[in-house]
Amino acid sequence: MNFAEEIIEWYQRNKRDLPWRKTEDPYIIWLSEIIMQQTRVEQGTPYFNRFAEKYPTVELFASASEDEILKLWQGLGYYSRGRNMHQTAQLVMEEHAGYFPKNYDSLIKLKGIGEYTAAAISSFSSNEARAVVDGNVFRLLSRYFGIDTPINTGKGKKLFTDLANELLDKSQAGKFNQAIMEFGSLQCKPKNPDCLSCPLQAACEARKTNRINELPVKIKSLKIRERYFNYIIAQKDGQILINKRGAGDIWENMFDLPLFETEFPSHAHDLIRSEKFISCFGEKVKIRSVSAPVKHILSHQKLHASFIEIESFSDRFLSERSWFYVGQDELEKLAQPKLIFHFFENFHKLNT
DNA sequence: AAGACGGGGGA
DNA sequence: TCCCCAGTCTT
């Protein structure tokens, strides 16, 4: 059996009994598809049932107000879906005479319907030969063929869409699409898939090369976090106070300086009056110098560091901390982040 | 190409 | 916690 035959065979034996699979009405299928976007079946099913019950036709849906739609949508999340549906229902009434479109090219033009949903509705309602590519399909294909192209890039989307369309059984596109998604969802699960019971295991590239947990590859959307580091320069007898960093943050087990992180930029004069600072260095601290803020970019953080040189501090409070004094020769042996290493280069230059 | 958009369940 | 879920729209 080829790929399509295998998954359709599997689908006949293992498919769930989902309410929206009993119809070919594009309106009802649309309802189910929008509700199920980025939503688990168990979470979305009650909503589908309520919507299908209250608005059995697109005409009834279109006659509802946006407030009513959103009220019924309440708790499901991604509320733009509800707003787009309202708009689309009205447009279907006005420009499609109340007949919900069945073909891909018409569907793709509607608000809230992207490539996945247009392929789903067109294939389920009229067997148009368009392969669906959702999260399940990405995962199944990336594993089966051992493809490590990231799925959330333009290149990846095209690659997997082309592949799915090659595999598509055009004589029964709707059933194939249902089957490939159901297979991905139940058999080729994200975590701990049961490969031993999988009918595709013999040919599965990820299985053969032991990469089930590495695929699919997804580029992590890294949001840059802004952090404000206030470093303290405290010297005694020609030595400088150093901090060994702990776990759970950047630069684990490397060495920097005593650090007071603040949520926002802060002035040195305010900082040395803070309770936390006083508990470390006492109340009689004077500021000798404050550096200009130094920006330091990490992969997912933007650090704003300032270096505050202090004098007249007490160090009898320091014993509980991971701080210690070192001379310059010892300092040079410690693993320092680039930011710190850079700072010391300039600092030593100034002090010689 | 990257970010925003929700809420819930599983590991 | 992080990841993922029958994705799409905006910038």
Side-chain angles (χ1 to χ4, degrees), chain A residues 7 11 15-23 26 28-48 51 70 72-88 104 107-125 130-143 149-158 160-161 164 173-194 212-225 247-249 299-300:
Chain A
I7 61 165
Y11 177 67
K15 65 179 175 184
R16 290 169 290 187
D17 183 23
L18 302 176
W20 49 88
R21 288 203 179 127
K22 295 172 179 152
T23 181
I28 297 296
I29 294 168
W30 168 71
L31 217 48
S32 73
E33 289 303 331
I34 304 296
I35 289 172
M36 293 306 155
Q37 287 169 5
Q38 293 294 288
T39 303
R40 287 166 302 104
V41 167
E42 310 82 74
Q43 186 187 4
T45 299
Y47 285 84
F48 168 79
F51 271 95
L70 289 177
L72 202 52
W73 201 272
Q74 183 180 140
L76 192 56
Y78 282 164
Y79 298 95
S80 65
R81 289 182 291 174
R83 295 193 298 271
N84 288 335
M85 284 182 99
H86 184 247
Q87 194 176 329
T88 286
Y104 184 96
L107 289 162
I108 196 74
K109 293 173 183 164
L110 302 175
K111 273 278 194 311
I113 297 183
E115 288 182 28
Y116 161 78
T117 305
I121 298 174
S122 62
S123 67
F124 298 161
S125 65
R130 294 276 192 168
V132 293
V133 185
D134 72 339
N136 296 309
V137 175
F138 278 122
R139 184 171 59 254
L140 171 56
L141 296 183
S142 71
R143 285 176 175 167
T149 306
I151 61 174
N152 54 344
T153 60
K155 187 180 174 186
K157 284 193 181 99
K158 175 160 182 16
F160 285 102
T161 300
K175 184 177 282 185
F176 173 91
N177 279 340
Q178 295 278 12
I180 194 171
M181 287 194 287
E182 192 81 332
F183 193 100
S185 175
L186 300 181
Q187 182 65 250
C188 199
K189 296 182 296 182
K191 301 275 173 67
N192 307 320
D194 183 13
I212 290 292
N213 295 317
E214 273 68 58
L215 298 171
V217 173
K218 188 182 276 188
I219 306 279
K220 294 176 188 57
S221 69
L222 34 96
K223 50 173 190 258
I224 303 297
R225 184 158 62 116
D249 202 350
S299 59
H300 54 294

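Per chain, numbering begins at 1; letters A, B, ... match sequence-line order.
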Between [X] and [Y]: side-chain donor-acceptor atoms closer than 3.5 Å:
X: A:Asn84; Y: A:Arg81; value: no
X: A:Glu33; Y: A:Tyr116; value: yes
X: A:Gln178; Y: A:Arg21; value: yes

To the nearest Å, how far apart are [X] [atom1] and [N] [atom2]?
X: A:Leu140; N: C:dC4; atom1: CG; atom2: P; answer: 16 Å
X: A:Ile113; N: C:dA6; atom1: CD1; atom2: P; answer: 19 Å
X: A:Asp134; N: C:dG7; atom1: CG; atom2: C1'; answer: 9 Å
X: A:Tyr79; N: B:dG7; atom1: OH; atom2: C1'; answer: 7 Å
X: A:Met36; N: C:dC4; atom1: CE; atom2: C1'; answer: 16 Å
X: A:Ile219; N: C:dC2; atom1: CD1; atom2: C1'; answer: 18 Å
X: A:Phe138; N: C:dG7; atom1: CZ; atom2: C1'; answer: 10 Å
X: A:Gln38; N: B:dA4; atom1: CD; atom2: C1'; answer: 12 Å

Using a cut-off of 4.0 Å on non-hydrogen atoms, how would the nucleic acid contact of [X] be classed: base, sugar-phosphate, or nothing?
X: A:Arg21; result: base
X: A:Trp30; result: nothing
X: A:Ile34; result: nothing
X: A:Ile121; result: nothing
X: A:Thr117; result: sugar-phosphate
X: A:Gly44; result: nothing
X: A:Glu42; result: nothing
X: A:Ser80; result: nothing

From C-beta outward on [X], which listed nucleotide comes closest to its side chain: [options]?
X: A:Lys220; options: C:dC5, C:dC3, C:dA6; answer: C:dC3
X: A:Trp20; options: C:dC4, C:dA6, B:dG6; answer: C:dA6
X: A:Asn136; options: C:dC3, B:dG6, C:dA6; answer: C:dA6
X: A:Asn84; options: C:dC3, B:dG7, C:dC9; answer: C:dC9
X: A:Lys191; options: C:dG7, B:dG10, B:dG7; answer: B:dG10
X: A:Pro190; options: C:dC3, C:dA6, C:dC4; answer: C:dC4
X: A:Gln37; options: C:dA6, C:dG7, B:dA11; answer: C:dG7
X: A:Gln178; options: C:dC4, C:dA6, C:dG7; answer: C:dA6

Pairwise [atom1] distance, [M] and [N] [rounded to whole Å]:
N: C:dC5; M: B:dC5; atom1: C1'; answer: 14 Å
N: B:dG8; M: C:dT8; atom1: P; answer: 23 Å
N: C:dT11; M: B:dG6; atom1: P; answer: 15 Å

Query raised in the report: In Watson-Crick or G-U wobble terms, both distances under 3.5 Å, what is the partner of C:dC5?
Result: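 C:dC5 is paired, partner B:dG7.
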
Query raised in the report: Is the CD atom of A:Glu115 crowded by more than 12 outside heavy atoms at less than 6.0 Å?
Result: no

For the backbone of [Y] and the side chain of [X], can you confirm whether one donor and one acceptor N or O come within less than 3.5 Å of each other?
X: A:Arg130; Y: A:Ala118; result: no
X: A:Ser125; Y: A:Ile121; result: yes
X: A:Tyr47; Y: A:Gln74; result: yes

**Report entry** Distance-only donor-acceptor test, A:Gln43 side-chain atoms vs B:dG8 base atoms, 3.5 Å
**Finding:** no

Query raised in the report: Is the shortest side-chain N/O distance from A:Arg40 to OP1 or OP2 of B:dG7 below 4.0 Å?
Result: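 Checking B:dG7 against A:Arg40, no side-chain N or O comes under 4.0 Å of OP1 or OP2.
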
**Report entry** Residue whose nearest DNA chain C nucleotide is more 5′ - A:Arg16 or A:Ile108
**Finding:**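 By nearest-heavy-atom nucleotide position, the 5'-most residue is A:Arg16.
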
Report summary line: Between A:Leu76 and A:Asn192, whichever has its closest DNA chain B nucleotide further toward 5' is A:Leu76

